[in-house]
There are 2 protein chains.
Amino acid sequence: MSKQQESNERRDAKRELIVKSAIHIFGQKGFHAAKIQDIADFASIGKGTVYEYFSTKDELFLAVYDKWMDEFEAQMTASAEQHTNPVSKADALIDTAIDFYETHAQYASILLEFWAHALRSEDTHFLERIREMKQTLANLGEQVTRQLQSVKAFTDVDAVSFSRLELGISDGIFLQWILDGKAYSLRDAYKFRQSVIGAGLMTPAFRKVMSLKTKKHLKKGFWKRPE
Amino acid sequence: MSKQQESNERRDAKRELIVKSAIHIFGQKGFHAAKIQDIADFASIGKGTVYEYFSTKDELFLAVYDKWMDEFEAQMTASAEQHTNPVSKADALIDTAIDFYETHAQYASILLEFWAHALRSEDTHFLERIREMKQTLANLGEQVTRQLQSVKAFTDVDAVSFSRLELGISDGIFLQWILDGKAYSLRDAYKFRQSVIGAGLMTPAFRKVMSLKTKKHLKKGFWKRPE
DNA sequence: TTTTGCCGACCGACGAGTCGGTCAATTTTT
DNA sequence: AAAAATTGACCGACTCGTCGGTCGGCAAAA
């Protein structure tokens, strides 16, 4: 191993340490209440050192989010690759997402702050990172949806729109679970959701009445791939 | 009209003015970046006067949220009362929600900040207000769901859980729409959601295979009324 | 000796909340 | 009716702790 590499690794390790401390402190106090000094103290390094690795607090915040999203994407992708049968693949993805949400529940308020920050910030990196992550997950979802359609499990709903819808729904359920003080099982909520979406709520008779209307919507979707 | 009443009205009017200014400034800059001075300037009053009506910035923030939620609840309730037919009532509620979301889109980041704030704050008022609002809407949803069931439009899914699920989904779709930069029609997204949830995605054959599993979940639900 | 990484004292902007004072309207006194 | 006294809503200059970011110097490595 070259000296160069060794030095790079040391640098990466320290950077990692700072990000981990930042996650801890941000998670505990929130972005605004968390002081750089707190993060430095927790990492047992000097405040100045933090600024050797990140030039602003915002940048550090972005790094924290990046780390989570990388991890989430990696877990979801790995989970998808472990299955060929689309039905079990879909189940596995949902399971993985729930696991991730549950282990990161304490950081939910950071997620909210991050989104709020992204919506307001001049710096487009924040929003870009969010959208990039969504795109990756949506691709995964779209692929699974198409597979489910090809084995005749799902009707020919617009796969792109459906996978986007799923992303929104997932976030919504997670958020609600957090705001409800985790008063119920997140897994139960997801299972319930899955059943509703899979089987639908209409009675057979009513479904027949509504069939034209719903078919149109399901085919049309709402989301178009941006050019 | 007594002098007393007149004075109270003047006070209420000024309070209202401050809250309105706060909405404007908070919406523009976010909770942390918004200065009390900004709000006072916008209302054309002195900074000290703001503190005659609200003893802390937090209290003012809560008042802003309160005003929105009162308005939202009122609109939803009014909307529900205008229909007796449950199918059109459900449509009307969704329409009203979309209208509200669309007109308040610019304040989405405040909503996120508020939630983050609520999750972290020592003061339980924030979370309580959120839950109170959710409860009101969930009751409305539950009622409509039961009506839909009584006219044999919906299967006998657990109405309490389903209305909760709907709340989570609604927020999720709204949030995603915002984060996606309002790149599509919110109404289309809701219509799509409605069709998916109504008709379900499974093919008839697959539905038959899964029927036992889904039935169990739909019946059981995930949300129990707290005692 | 030079370079690199590290450090924490220091700075200065900043903003929430305070408080002594003003003034216009109302009430009381003359 | 005029003058005096009282009230309280309103104000903004000020205080004071805070914290992101800087920088000069130190120590270890090269």
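These values consider heavy atoms only, across backbone and side chains, with no hydrogens, waters or symmetry-generated copies. Each chain gets a letter, A, B and so on, in the order its sequence line appears, and its residues count up from 1.
Nucleotide D:dA9 holds its P atom 16 Å from the CG atom of B:Leu17, rounded to whole Å. In this structure, A:Phe61 atom CZ and D:dG21 atom P are separated by 14 Å, rounded to whole Å. Atom pair A:Tyr53:OH and D:dG21:P shows a separation of 18 Å (rounding to whole Å applied). For the pair A:Tyr51 OH and D:dC19 P, the computed distance is 12 Å after rounding to whole Å. In this structure, the NZ atom of A:Lys57 is 14 Å from the C1' atom of C:dC14, given to the nearest Å. One can place NE2 of A:His32 at 16 Å from P of C:dC14, the figure rounded to the nearest angstrom. For the pair B:Glu52 CD and C:dG17 P, the computed distance is 14 Å after rounding to whole Å. Rounded to whole angstrom, the span from the CD1 atom of A:Ile45 across to the P atom of C:dC7 amounts to 6 Å.
A side-chain donor-acceptor contact under 3.5 Å links B:Asp91 and B:Gln194.
Looking at heavy-atom distances under 4.0 Å, B:Ala33 makes no contact with the nucleic acid at all. Within 4.0 Å (heavy atoms only), A:Phe54 reaches no atom of the nucleic acid at all.
Between A:Arg164 and B:Asp180 there is a side-chain heavy-atom pair separated by less than 4.5 Å.
With hydrogens and angles left out, the side chain of B:Lys47 and the base of C:dG17 share a donor-acceptor pair within 3.5 Å.
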Side chain to side chain donor-acceptor pair (under 3.5 Å) between A:Asp70 and A:Tyr65, worked out: CA-CA 9 Å; A:Asp70 285 349; A:Tyr65 185 76; over 6 Å; no
Criterion side chain to side chain donor-acceptor pair (under 3.5 Å) on A:Gln143 and A:Asn139, from CA distance to verdict: CA-CA 6 Å; A:Gln143 187 191 316; A:Asn139 287 343; over 6 Å; no
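For D:dA9, neither phosphate oxygen OP1 nor OP2 lies less than 4.0 angstrom from any side-chain nitrogen or oxygen of B:Thr49.
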